[in-house]
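What follows is a set of notes on a single structure, which appears directly below.
Being a predicted model, the structure only gives us computed values, none of them experimental. Along the sequence shown, residues carry numbers from 1. We use all heavy atoms of the structure for the numbers below, so side chains are in, but hydrogens, waters and symmetry mates are not. For ligands, and for the atoms within them, numbers begin at 1 and follow the listed sequence.
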Amino acid sequence: MAASSFFLNRHLKLSFCVFLLCLSGTAVAQLSSTYYLLSCPLALSVIEAEVVTAVSSEPRMGASLLRLHFHDCFVQGCDASVLLDDTANFTGEKTAFPNNNSLRGFDVIDSIKYKLEQLCPGVVSCADILAVAARDSVYALGGPHWEVRLGRKDSTNASFSDANKDLPAPFLNLSSLITAFANKGFSQQEMVALSGSHTIGMAACRMFRNRIYNDTNIESSFQASEQAVCPAVGGDGKLAFFDATNNGNSFDNLYYQNLVNQKGLLHSDQELFNGGATDSLVQDYARDSSLFFHDFADAMIKMSELTPLTAPNGQVRTDCRKIN
Ligand code: HEM
Ligand SMILES: *[C@@H]1O[C@H](CO)[C@@H](O)[C@H](O)[C@H]1NC(C)=O
Ligand SMILES: *[C@@H]1O[C@H](CO)[C@@H](O)[C@H](O)[C@H]1NC(C)=O
Ligand SMILES: *[C@@H]1O[C@H](CO)[C@@H](O)[C@H](O)[C@H]1NC(C)=O
Ligand SMILES: *[C@@H]1O[C@H](CO)[C@@H](O)[C@H](O)[C@H]1NC(C)=O
Ligand SMILES: *[C@@H]1O[C@H](CO)[C@@H](O)[C@H](O)[C@H]1NC(C)=O
């Protein structure tokens, strides 16, 4: 405080102003793994306990929480923009095509936020909750663990149009998938590793109907069992596990083994193993689960640090669904 009032002193020399401007323009806002160590020491254990409870009562919730974080970070960076509810004069991201009637887990985030507001009001951001909940979800389902750096702030806006533009659709071919991830700074290898998320969770019939009725690079018994779930007409909301081997209850490398066997659920999934540039990466991860875990954790850290909003920008929402 003393320092900032000193710098704001109107007798300040011009050279100081230039120095300050230069600093604010180049300084990279830092996230830190100890961000809440003094301000809310129990924050991480509260989040983990809530995630473990939610995932034990419904394993799919781990998948839903992981996806929430992805859909947050790919749209304006990791700023909890995805959590803002629509209002009479505001349209957020929840009804954008990839999210509408599809994203879930908002209630779990609300209940984590409620607990944290009781414990340390106004301290822990919704964007950080999403990042930690995604990590804890993967771990709770048997996947890798990694350190999450903290200090993201929450946005005061959201972007319906960016959600439609920046989130990849399940109908994309390999080159469009590569472009969608390259637009966010990810390599092909990172894209293939992140896609391993589809070892957990479910997809709705409307997302994979074309794949199971029109694609030819599909194993026939898998095709038949998916067609039994998802009719050619109607039943848009019928759900299938990405990995029917263990009903998506385990974070493992079976996703890649399924792709090698032409049992990818989405068209976009099977594009990763369809005679193109990413085939060998899929085979590597299918063979080597610890390589997958290692690369997945690295790519998740990178995703969770996509242009985060940091102080003095943004805020810590007291209710993740609306701005303060
Ligand atoms: C490669 C491009 C990707 C495409 C085209 C894609 C598309 C989809 C689609 C269509 C669904 C099903 C949604 C529904 O039917 O309601 C889904 C589910 C899911 N996605 Fe992706 N996704 C991609 C990458 C990712 C990434 C990078 C992550 C996480 C890092 C992720 C995590 C998930 C999870 C965990 C689910 C299951 C959610 C649940 O069961 O609630 N996806 N994805
Ligand atoms: C939108 O409506 C809310 C009340 O629902 C009000 O507080 C806010 O000022 C309005 N914002 C704009 C930009 O009109
Ligand atoms: C979202 O889904 C609802 C049906 O649940 C539909 O009425 C609405 O038009 C959809 N919104 C958009 C923007 O597509
Ligand atoms: C939201 O706010 C950020 C930071 O102020 C800004 O860069 C972005 O363009 C805004 N997005 C929309 C859709 O207004
Ligand atoms: C992939 O899809 C894009 C957009 O639909 C299209 O322009 C491109 O030709 C396709 N690429 C391949 C290799 O099929
Ligand atoms: C299969 O592809 C054809 C031609 O593009 C299309 O007319 C038809 O609706 C597709 N069928 C399904 C079930 O998606």
Side-chain angles (χ1 to χ4, degrees), residues 54-55 58-74 78 96-106 108 130-131 133-135 137-138 141 143-144 166-184 186 188 190-216 223 226-227 229-243 247-249 251 255 259 264-272 274-278 282 295-304 306:
V55 172
E58 189 209 5
R60 187 188 172 198
M61 188 51 71
S64 305
L65 292 170
L66 172 59
R67 186 166 185 242
L68 261 190
H69 181 47
F70 165 48
H71 284 213
D72 180 30
C73 294
F74 262 52
C78 311
F97 173 78
N99 297 337
N100 200 19
N101 305 307
S102 175
L103 281 187
R104 49 205 299 284
F106 298 112
V108 175
L130 286 173
R135 186 270 311 269
S137 292
V138 168
L141 291 169
D166 293 353
L167 292 166
F171 321 109
L172 297 185
N173 61 29
L174 180 60
S175 59
S176 298
L177 288 167
I178 291 172
T179 304
F181 279 76
N183 286 343
K184 297 288 168 185
F186 290 99
Q188 294 181 24
E190 288 164 334
M191 176 189 71
V192 172
L194 287 173
S195 297
S197 296
H198 289 177
T199 183
I200 54 175
M202 306 181 90
C205 173
R206 66 180 185 282
M207 304 291 189
F208 61 86
R209 176 179 288 122
N210 243 291
R211 157 108 182 110
I212 61 172
Y213 288 98
N214 275 341
D215 281 359
T216 52
Q223 179 175 34
E226 297 304 334
Q227 287 184 354
V229 174
C230 174
V233 176
D236 281 10
K238 298 238 187 253
L239 294 167
F241 288 107
F242 277 106
D243 178 14
N247 287 351
N249 289 344
F251 192 99
Y255 170 76
L259 294 187
L265 184 58
L266 303 178
H267 176 78
S268 53
D269 290 325
Q270 197 60 57
E271 280 291 295
L272 302 182
N274 190 37
T278 50
V282 169
D295 289 357
F296 181 80
D298 281 354
M300 281 299 295
I301 291 171
K302 179 167 171 177
M303 189 183 87
S304 80
L306 272 180

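Protein heavy atom closest to atom 35 (C) of ligand 1, with residue, atom name and distance, is Ala63 O, 3.1 Å. For atom 15 (O) of ligand 1, the closest non-hydrogen atom of the protein is Ala204 N, 2.6 Å. Protein heavy atom in closest approach to atom 14 (C) of ligand 1: Ser102 OG, 3.3 Å.
With sequence neighbours left out, Lys184 forms a salt bridge (Lys or Arg N to Asp or Glu O under 4.0 Å) with Asp166. Residues that satisfy the salt bridge (Lys or Arg N to Asp or Glu O under 4.0 Å) test with Glu190, not counting sequence neighbours, are Lys302.
Note: Phe296 and Phe251 have tilted aromatic rings, judged against thresholds of 30 and 60 degrees for the angle between ring planes. Classification of the Phe97-Phe171 ring pair by plane angle, with boundaries at 30° and 60°, yields tilted.
Residues Ser304 and Met300 form no side-chain contact, since every pair of their non-hydrogen atoms from C-beta on lies 4.5 Å or further apart. Between Val229 and Ile212 there is no side-chain heavy-atom pair separated by less than 4.5 Å. At a threshold of 4.5 Å between non-hydrogen side-chain atoms, the residues Leu265 and Phe241 do not count as touching. Here the side chains of Phe74 and Phe186 are in contact, with some heavy-atom distance below 4.5 Å. The closest side-chain heavy-atom distance from Arg60 to Leu239 is below 4.5 Å. Side-chain contact between Leu272 and Leu259: present, with at least one pair of heavy atoms (C-beta onward) separated by less than 4.5 Å. Counting only heavy atoms from C-beta outward, the side chains of Ser137 and Met61 never approach each other to under 4.5 Å. Using a 4.5 Å cut-off on side-chain heavy atoms (C-beta onward), Leu68 and Asp72 make no contact.
Between Arg211 and the options Glu271, Gln270, Glu226, His267, a side chain to side chain donor-acceptor pair (under 3.5 Å) holds for only Gln270.
Remark: distances from the non-hydrogen atoms of Phe74 to ligand 1 are all 4.0 Å or more. Not a single heavy atom of Phe208 lies less than 4.0 angstrom from ligand 1.
Close approach of ligand 5 to Ser176 (heavy-atom distance below 4.0 Å) involves ligand atoms 1 (C), 2 (O), 3 (C), 4 (C). Interface atoms of ligand 5 facing Ser175, defined by a heavy-atom separation under 4.0 Å, are 1 (C), 11 (N).
Side chain of Tyr255 to backbone of His198: no donor-acceptor contact under 3.5 angstrom is found.
Residue contacts with ligand 1 for Ala169 involve N, CA, C or O but no side-chain atom from C-beta outward (heavy atoms, distance under 4.0 Å).
Separating the SG atom in Cys230 from the CE atom in Met207 is a distance of 11.5 Å, to the nearest 0.5 Å.
Of the N or O atoms in Met202, one or more lie within a sub-3.5 Å distance of an N or O in ligand 1. Of the N or O atoms in Ser268, none lie within a sub-3.5 Å distance of an N or O in ligand 1. Of the N or O atoms in Met303, none lie within a sub-3.5 Å distance of an N or O in ligand 1. Considering backbone and side-chain atoms together, Ser64 places an N or O closer than 3.5 Å to an N or O of ligand 1.
At a 4.0 Å heavy-atom cut-off, the residues surrounding ligand 6 are Arg209, Asn210, Tyr213, Asn214, listed by chain and number.
Closer than 2.8 Å to atom 21 (Fe) of ligand 1 sit the protein N, O or S atoms His198 NE2.
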